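What you see is a predicted model; the values in this text were computed from it and never measured. So that the names make sense, note that chain A is the first sequence line, chain B the second, and so on, each numbered from 1.
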2 protein chains.
Amino acid sequence: MGDNHAETVRLLWGPHTKPSRGPRPTLDLDRIARAGIEIADAEGLAGVSMQRVAAQLGVTKMALYRYVPGKAELVALMVEAAIGPYPAQDPQPSGWRGQLADWARCLFAAFQRHPWTLDATIGPRVMGPAELGWMERAVSALDGTGLGGAERMDAVVLLVGHVRGITQQARAAGPAGTPEAELSGILADLMRAQGERFPALAAAFASAEQTGGRDQAWEFGLQRILDGLAVLIDQREH
Amino acid sequence: MGDNHAETVRLLWGPHTKPSRGPRPTLDLDRIARAGIEIADAEGLAGVSMQRVAAQLGVTKMALYRYVPGKAELVALMVEAAIGPYPAQDPQPSGWRGQLADWARCLFAAFQRHPWTLDATIGPRVMGPAELGWMERAVSALDGTGLGGAERMDAVVLLVGHVRGITQQARAAGPAGTPEAELSGILADLMRAQGERFPALAAAFASAEQTGGRDQAWEFGLQRILDGLAVLIDQREH
DNA sequence: ATTAATCGTGTCCATCGGACACAGTTAACG
DNA sequence: CGTTAACTGTGTCCGATGGACACGATTAAT
């Protein structure tokens, strides 16, 4: 369990000094990260092992340890590369609300492109420049509102929590045919069998099934959060 | 990777038929779950292994497989036992807002008592009766508001997302002296060094440090969510 | 040409989750 | 009161994992 934080910082933030002597490195951090991402996208984070990544790159697993101190650091690199820099929008919305909504939707899309990032970003960890860039964008969207520094960060944390929550439940629904889809059926069966023990839940479930379209949870929560922020911001402006 | 969902349902929802013949079982699911929880509370979920749990109970690891099909199911039992049934409140608040706030605070407290539940509840999974009981309570708190079934569930998901988000960042702060506390310092150093690249973030950080009291992120987000729900509910009532 | 740094690799280890066979224990049935 | 069938706990074995370490090959600076 060598989670050397200092080493992780060096890996994520550089500098990456080129070796002066010795054979040319056949790999580099970027290729390694991309190989890991490729595997994680296809088979989930559980499918990512040193040997698996090494095989993808055509080398032995021990070759990887020349570049990365351990698996934890590899995953950190993968997250940083997978999330990438915040995509610059051509027409930047003017108000804080539009900017934050855009930002959240971008983040949500990024999480859905790489669902394993959920598993990889559990618990305390070191963030890289790309990830901090995202944070910067969100916090700066709230500049000019009457919110204090702590409040601006709290608001961003709130949004990130929602993105993560929805990503998780979206993964549970999953595309039809996958083993994840089986879960929906199991839950439905459970609700039918235990309906009397959970009347409100069963009613809500039935009503939701009848109304048809799910997948509104994302927009619902996003608008609630933005509404809640608007209430506070309006009240600060007066 | 035998994640037999049907078996998990049977374990969590019963029935647990007593064996008619053969030696008395020396263990039961409850003791096993509690042993696992004890370890996870002390050393995190990573410290929970079959051998470790078995040692805690004074048996061999293979003895556990008589009760639990695999580690995934053991973790499911641990989560169910750790979260426990929703604690009945003596004076139940009258309005939906008070009820939801109470509920969220209880859930937050439960997550903080067992931080590893964050790691254990990633991704699609089968929920047990205790967990569904919590959901039931939250959904029923929204009965009588003009919200539809899907909306009531979306609102609960939104709250859970916030609880999880804050639990995660609370764990990052951690008590002083722990290796987690080191992260705050690293992040602070990073902000100082890269301040120009992330001006808004650095400003918010500095302002937050100056204002002193952090730990408001929880209440901040909770009130924003409730405010946002109130906006919708008010508008539905008219 | 020599040397020192850096490379990729092979070998070794502890630990993990899990499969399986085996012997001991116990309750039901004749 | 035997017999038997079911069930228990355990020991042994396996493949895969993350990682330590030493080795020989390669290359740039001297």
Note to self: Please confirm whether the shortest side-chain N or O distance from B:Ser49 to OP1 or OP2 of C:dC16 is below 4.0 Å.
What the structure shows: yes
Check: Would one find a side-chain N or O of A:Gln51 under 4.0 angstrom from OP1 or OP2 of D:dT17?
Finding: yes
Margin query: Using whole Å, what does the distance between atom C1' of nucleotide D:dA16 and atom CD1 of A:Ile39 come to?
Written below: 15 Å
Note to self: Is the shortest side-chain heavy-atom distance between A:Asp119 and A:Arg171 below 4.5 Å?
What the structure shows: yes
Notebook entry, point to check: Can you check whether A:Trp13 reaches A:Leu132 side chain to side chain, under 4.5 Å on heavy atoms?
Noted result: yes
Check: A:Asp28 has an atom CG; how far is it from atom P of C:dT6, in whole Å?
Finding: 17 Å
Check: Near DNA chain C, which residues from residues 59-67 of chain A have a heavy atom under 4.0 Å away?
Finding: A:Val59, A:Thr60, A:Met62, A:Ala63, A:Arg66, A:Tyr67
Notebook entry, point to check: Of B:Pro23 and B:Gly70, whose closest DNA chain C nucleotide lies nearer the 5' terminus?
Noted result: B:Gly70
Margin query: Check this one for me: any side-chain N or O of B:Arg24 less than 4.0 Å away from OP1 or OP2 of C:dA27?
Written below: yes
Margin query: Expressed as a whole number of angstroms, how long is the span from A:Arg31:CZ to C:dG8:P?
Written below: 10 Å
Checklist line | For atom CG of A:Leu74 and atom P of D:dT17, their distance in whole Å | finding: 14 Å
Next item on the list: List the steps and the verdict of side-chain contact (heavy atoms from CB on, under 4.5 Å) for A:Thr8 and A:Leu12.
Entry: CA-CA 6 Å; A:Thr8 308; A:Leu12 288 176; 4.0 Å; yes
Note to self: Any non-hydrogen side-chain atom of A:Leu159 less than 4.5 Å from a side-chain atom of A:Trp103?
What the structure shows: yes
Next item on the list: With the side chain of B:Lys71 defined as its heavy atoms from C-beta on, choose the nearest nucleotide among C:dC7, D:dG18, C:dG17.
Entry: C:dG17
Notebook entry, point to check: Within this structure, what is the CE-to-P distance between B:Met50 and C:dA19, rounded to whole angstrom?
Noted result: 11 Å
Note to self: Ring-plane angle category for A:Trp134 and A:Tyr86, please: parallel below 30°, perpendicular beyond 60°, tilted otherwise.
What the structure shows: perpendicular
Check: Quick one: A:Leu27 CG to C:dT6 P, roughly how many Å, whole number?
Finding: 17 Å
Checklist line | Between A:Arg152 and A:Ser140, a side-chain donor and acceptor under 3.5 Å | finding: no
Next item on the list: Using atom types as modelled and distance alone, determine if a side-chain donor or acceptor of B:Glu136 lies under 3.5 Å from a backbone N or O of A:Ala200.
Entry: yes
Checklist line | Which residue lies more 5' along DNA chain D, comparing B:Gly22 with B:Gly58 via nearest heavy atoms | finding: B:Gly22
Check: A:Arg21 has an atom CZ; how far is it from atom C1' of D:dA28, in whole Å?
Finding: 7 Å
Check: A:Leu57 CG to C:dG8 P: how many Å, rounded?
Finding: 11 Å
